[in-house]
Amino acid sequence: MRYDKDNEYEDMPKKQGKLIKTIFVLLIALALSVGIYDTFFGDKIIKTAAESILKYGSVLVNKDTSKKSTLSESIKIEEDSRSTFVSYDNAFMQCTKDGIKYFVLGEDQKWNDTYTMANPYVVSEGGYTAVFEPMGRVIKLYDKSGIINTINTDGAIMRLSLNESGYVGVILNNSSSYSVNVFDGIKNACLVVRKEEDENIYPVDIDISDDNKVFAVSYIDASDVETASKVLFFYTYENDGKDYPDSMFAGLQKEDVIIPYIRFMSSGMLVVLSDSSLIGVSSSGVQEWELPLSNEIDGVSFENKSFAVLACGDELAGKEGSPDGSLIFVNMKGKISHQIETGEKITYMKGSKDNVIVGNSGEYTAFSCSSGKALWEYNPGYSVSDIISLNGGENILVVDKTQARVLGLSDENNDDSEGES
């Protein structure tokens with residue numbers, strides 16, 4: 001993740017810096033109002049009409065150690081299919097603009113479902129996968145057995161999150177205003193409809209706790225010259241929140257910062273990533289810790305819910321940070337448990353429940369989240385768009401522009417000459 005605007009005004013007089021940041025927030029507001037707000041949960045991207053606020057390129061790559069595929073043949077990828085692949089332990093999904101296919105290792109394709117989406121986005125969490133289009137009004141929810149439900153929304157989808165129970169949170173654009181909805185995706189029941197009608201206050205991100213009891217929403221407040229961001233906590237169920245206005249029971253406000261990303265982690269801890277710090281907030285809405293940032297953040301992984309993993313870029317102006325290319329593991333007490341210097345700028349990053357994989361200059365390494373130790377290295381020798389861990393790390397799915405192949409991890413041969421020429 002990179003917050004380019006903060007670097008620009010770091011050395012300027014305070015008043016001028018606040019003015020530039022206000023303009024920056026207004027650009028976000030403009031992007032929200034016209035729908036140029038392009039984001040999905042997992043590989044996070046937030047774009048404005050001017051430039052990327054937060055850049056998170058993500059490719060997962062493992063040590064290639066075998067030539068034997070566990071599928072009978074490679075999966076061909078059409079050039080305009082917009083294919084995305086999602087791991088399901090010993091299986092995976094291929095999501096395209098025309099539909100979704102589910103493959104099991106050793107058994108080939110098990111099922112498929114068809115739809116038509118020009119620009120499909122995929123969110124996956126806890127055995128569930130949601131497929132939708134930014135600015136669309138339809139969400140397809142799947143698990144390993146097939147389609148569960150089709151959820152229709154009343155507004156255009158600006159942001160979507162998914163929890164481990166199949167609950168879906170969305171921020172919707174309703175032309176003149178925004179709303180926040182929470183669905184029980186399994187029952188296809190809308191549990192929350194929250195109208196966001198305050199002028200110049202924009203919802204940015206949403207997440208739902210894995211016990212389904214609460215959800216949190218981050219906002220940017222552009223109503224004053226000084227930018228403010230806040231995170232509000234709500235009860236999901238009306239009965240739980242009956243003693244609180246709008247079911248809101250707690251809130252956190254930060255002045256002069258932007259909060260583009262929030263995520264519920266283990267023990268209900270909400271991790272809040274701003275352009276100046278990483279913050280831990282308990283499920284009761286109380287801030288437990290804050291870790292200041294001294295680097296631009298080129299990537300982040302929250303997939304292992306006991307650690308937030310940050311890929312450090314350049315030092316922030318006036319700050320003494322970590323070397324560019326460092327990988328920092330932060331536990332849920334706000335402490336840095338491991339710090340690794342990769343020696344090169346990290347250009348690819350992707351996490352799983354066990355490890356995080358980073359890449360630079362065509363070389364990729366997986367690191368254990370619990371120990372910080374390097375698990376394997378991989379150099380594909382050709383351009384890949386994605387390499388996904390399968391079957392507890394025993395297999396990898398190697399994806400390039402034309403095909404996807406499943407390989408096993410069984411020997412020490414790193415050479416792979418069968419890829420895209």
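We number each residue from 1, following the sequence as shown. Computed from a predicted model, the values in this text were never measured in an experiment.
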Using modelled atom types only, decide if a donor and an acceptor are shared between the side chain of His338 and the backbone of Cys369 within a distance under 3.5 Å.
-> yes

Between Glu255 and Lys230, is there a side-chain N and carboxylate O pair less than 4.0 Å apart?
-> no

Please check if the side chain of Asp184 supplies one atom and the backbone of Asn188 the other of a donor-acceptor pair under 3.5 Å.
-> no

Nearest heavy-atom neighbours spanning Lys353 and Asp89 | NZ-OD1, 4.1 Å

Whether Glu296 side chain and Gly313 backbone form a donor-acceptor pair below 3.5 Å = no

Between Ser322 (side chain) and Ser326 (backbone), is there a donor-acceptor pair under 3.5 Å?
-> no

Could you tell me whether Lys101 atom NZ has more than 12 heavy atoms of other residues or ligands within 6.0 Å of it?
-> no

salt_bridge(Lys345, Asp298) N-O dist < 4.0 Å = yes

Is the backbone of Met248 close enough, under 3.5 Å, to the side chain of Asp246 for a donor and an acceptor to pair up by distance?
-> no

Just wondering, do Asn360 and Tyr348 contact through their side chains at under 4.5 Å, heavy atoms?
-> no

Check: Asp400 side chain, Gln403 main-chain N or O, donor-acceptor pair, under 3.5 Å | yes

Check whether any side-chain heavy atom of Ile220 sits under 4.5 Å from a side-chain heavy atom of Ile258, and report yes or no.
-> yes

Could you give the distance from CZ (Phe329) to OG (Ser306), rounded to the nearest 0.5 Å?
-> 12.5 Å

Pair Tyr102 + Tyr142: ring centers closer than 6.0 Å | no

Okay, side chain of Ser209, backbone of Val214: is any donor-acceptor separation there less than 3.5 Å?
-> yes

Counting only N and O atoms by type, is there a donor-acceptor contact under 3.5 Å from the side chain of Ser229 to the main-chain atoms of Lys254?
-> no

Between Tyr244 and Tyr235, does the ring centre distance come in under 6.0 Å?
-> yes

Could you walk me through whether Leu407 and Asn395 pass the side-chain contact (heavy atoms from CB on, under 4.5 Å) check?
-> CA-CA 6 Å; Leu407 304 178; Asn395 298 93; over 6 Å; no

Just checking, is any N or O donor in the side chain of Thr236 or Asn212 under 3.5 Å from an acceptor N or O on the other one?
-> no

Are Lys76 and Glu78 ion-paired here, with the side-chain N under 4.0 Å from a carboxylate O?
-> no

Parallel, tilted or perpendicular, as decided by the 30° and 60° cut-offs, for the rings of Phe215 and Phe234 | parallel

Ignoring hydrogens and geometry, is there a side-chain-to-backbone donor-acceptor pair from Asp205 to Ile262 under 3.5 Å?
-> yes

Pair Glu341, Gln339: side-chain N/O donor-acceptor within cut-off below 3.5 Å = no

Is the shortest heavy-atom distance from the side chain of Asn304 to the side chain of Ser352 under 4.5 Å?
-> no

Indicate yes or no: at least one non-hydrogen side-chain atom of Pro134 is less than 4.5 angstrom from one of Tyr121.
-> yes

Counting distance only, does the side-chain N/O of Asp221 pair as donor-acceptor with the main-chain N or O of Ala228 below 3.5 Å?
-> no

Using 4.0 Å as the upper bound for N to carboxylate O, is an ion pair formed by Glu125 and Lys305?
-> yes

